[in-house]
Amino acid sequence: MCLAIPGQLLEIVDEENRLAKVDVAGVRRTINIGLLDEDGVGVGPGDWVLIHVGFAMSKVDEEEAIATRRQLERMGQDYEAELEELKASVIE
Amino acid sequence: MRYVDEFRDPELGRVLATEILAAVEPGRHYKFMEVCGGHTHSIYKYGVDDLLPANVELVHGPGCPVCVIPMGRVDDGIALARRPEVIFTCFGDMMRVPGSEGSLLDAKAEGADIRMVYSPLDALRIAKSNPDREVVFFAIGFETTAPSTALTLKRARAEGVKNFSCMCSHVTIVPPLRALLDSPDLRLDGFVGPGHVSTVVGARPFEFIPADYGKPIVVAGFEPLDILQAIRMILAQLAEGRCEVENQYARVVPYEGNPRALEVMAEVFELRPHFEWRGLGFISQSGLKLAEAYADLDAELRFEVPGVRVADPKACQCGEVLKGVIKPWECKVFGTACTPERPIGTCMVSSEGACAAYYNFGRFAREREVV
Ligand code: SF4
């Protein structure tokens with residue numbers, strides 16, 4: 001649970017509840033983007049975010065997202081476990 | 001430099017290692033604390049220790065949210081989970097944390113309905129699809145995680161979900177740091193500040209460290225390069241006689257934090273007068289509970305919670321590890337009675353815990369320190 005993993009926003013699926021579909025290394029799941037609402041920037045499709053327990057924590061640029069992912073992949077087991085937990089998640 | 005080739009920029013790794021070597025005064029011993037379990041993990045995974053001169057010592061701080069949960073709190077969770085009407089939900093990392101009579105995993109094996117969730121929103125969904133049961137979410141974590149719980153509770157309130165409640169064990173990062181700085185056991189020269197917590201709280205809350213204690217702190221990212229760079233920045237401050245908060249991780253951490261996250265936390269939570277930390281004892285104003293306006297969603301008010309206080313087991317030296325007084329392998333049960341499969345103490349549970357990180361990756365570092 002301590003990891004923050006990078007994902008790319010695909011589409012907003014529920015305006016009111018601030019839910020968006022993201023792609024995390026090929027895994028597509030729904031997360032909440034409400035914590036970035038008053039960030040001054042906001043997020044939309046195409047943006048990269050760091051995700052922690054099903055919530056987008058911060059917006060990052062693509063280069064940072066990809067480098068972070070590469071680093072996480074090298075962690076092996078822990079990153080895979082995090083992806084498995086994400087796969088089991090059904091936020092609606 | 002065994003893992004330097006795996007860094008994002010291996011050349012920069014070598015340059016930083018050389019610069020660090022040039023920046024240390026020979027004959028002076030430096031002791032820096034990395035606050036966050038994520039840093040501890042990277043340090044051992046990538047052998048960052050091996051790149052540092054022998055007189056630069058890293059001690060592991062209390063920033064692993066699983067490691068700081070006291071036994072009594074686990075017992076309270078298990079008591080709730082055993083109620084027949086309850087579906088108890090928690091993060092996977094919590095499942096193996098030992099209580100005084102076993103873990104949540106043991107309770108599950110004995111028939112309690114305990115479910116691992118990835119997100120508090122998963123727990124809320126389980127509540128909505130099981131209207132005849134009571135769903136309790138065991139909320140743990142620092143300010144990194146607390147805003148997510150807060151938004152989930154706001155949504156439960158907005159949708160009128162009556163069978164959802166939260167056993168709030170969220171903690172805050174500043175009070176334990178103050179407690180460590182006040183502790184006579186420890187003489188630190190500087191801090192590698194936590195990255196993810198700071199995306200929420202920003203770097204500003206750490207200003208008391210230079211202001212009140214005269215120590216530098218550099219908020220850092222999680223890659224080995226980030227950690228090396230932070231150490232170089234701390235050394236530069238010491239060499240130049242500066243002492244301030246610096247932000248190595250500005251590409252992700254805004255100095256002021258995330259205003260929306262801080263706002264929802266302030267709305268949903270309030271500080272507990274004191275909260276018990278594993279190995280560190282009671283620290284005042286260090287834990288969060290649900291605010292008055294959300295009291296109806298507080299599992300500790302909705303159900304009878306025993307409020308157990310259990311002393312840490314005698315053999316366990318997690319407190320000293322969390323304070324950085326001893327290295328994990330100096331604990332008498334490390335790697336023998338206490339392993340990641342059968343942990344006695346919490347630091348062995350999560351892979352972010354100092355003992356587990358040492359157990360999994362630390363062998364080389366240990367040899368280096370022994371010689
Ligand atoms: S080895 Fe086990 S008991 Fe000893 S400090 Fe580490 S986690 Fe605690």
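Chain A is the first sequence line, chain B the second, and so forth, proteins listed ahead of strands; every chain is numbered from 1.
Counting only heavy atoms from C-beta outward, the side chains of A:Gln71 and B:Pro224 approach each other to under 4.5 Å.
More than 12 heavy atoms of other residues, nucleotides or ligands shown are found within 6.0 angstrom of CD on B:Glu341. Around the CZ atom of B:Arg251, the shell of radius 6.0 Å holds more than 12 heavy atoms that belong to other residues, nucleotides or ligands.
Atom CD1 of A:Ile51 sits about 11.5 Å away from atom OG of B:Ser148, to the nearest 0.5 Å. Between the OH atom in B:Tyr118 and the CD atom in A:Glu82 there is a gap of 5.0 Å [rounded to 0.5 Å]. Remark: A:Met57 CE to B:Thr145 OG1 distance equals 7.5 Å, nearest 0.5 Å. Note: B:Leu124 CG to A:Glu92 CD = 9.5 Å, rounded to the nearest 0.5 Å. For the atom pair CG (A:Asp78) and NZ (B:Lys45), the distance works out to 8.0 Å, reported to the nearest 0.5 Å. Distance CG/B:Leu151 to CD1/A:Ile33: 11.5 Å, rounded to 0.5 Å.
Under the side chain to side chain donor-acceptor pair (under 3.5 Å) criterion, B:Glu223 pairs with B:Arg8, not counting sequence neighbours. Taking the side chain to side chain donor-acceptor pair (under 3.5 Å) definition, one finds that B:Ser169 meets it with B:Arg73, sequence neighbours left out. Residues passing the ring pair (Phe, Tyr, Trp, His ring centres under 6.0 Å) test with B:His39 are B:Phe222, sequence neighbours excluded.
Under 3.5 Å, the side chains of A:His52 and B:Thr144 contain no donor-acceptor pair of N or O atoms.
Only one option out of A:Thr30, A:Val90, A:Asn32 pairs with B:Leu121 in a side-chain contact (heavy atoms from CB on, under 4.5 Å); it is A:Asn32.
By a heavy-atom distance cut of under 4.5 Å, A:Asn17 are the residues of residues 9-18 of chain A near chain B, going up by number.
Only the side chain of A:Leu19 has a heavy atom closer than 4.5 Å to any heavy atom of chain B. Using a 4.5 Å cut-off between heavy atoms, A:Leu50 touches chain B through its side chain atoms alone.
Using a distance-only test at 3.5 Å, with no hydrogens or angles considered, a donor-acceptor pair links the side chain of B:Asn258 to the main chain of A:Leu35. For the pair B:Ser119 (side chain) and A:Val53 (backbone), a donor-acceptor distance under 3.5 Å is present.
Between chain A and the options B:Val117, B:Val264, B:Val252, the largest number of non-hydrogen pairs under 4.5 Å is found for B:Val252. Counting heavy-atom pairs closer than 4.5 Å to chain A, the top-ranked of the candidates B:Thr152, B:Thr149, B:Asp122, B:Val200 is B:Asp122.
Counting all heavy atoms, side chain and backbone alike, A:Glu85 lies closest to B:Gly92 at OE2-CA, 4.4 Å.
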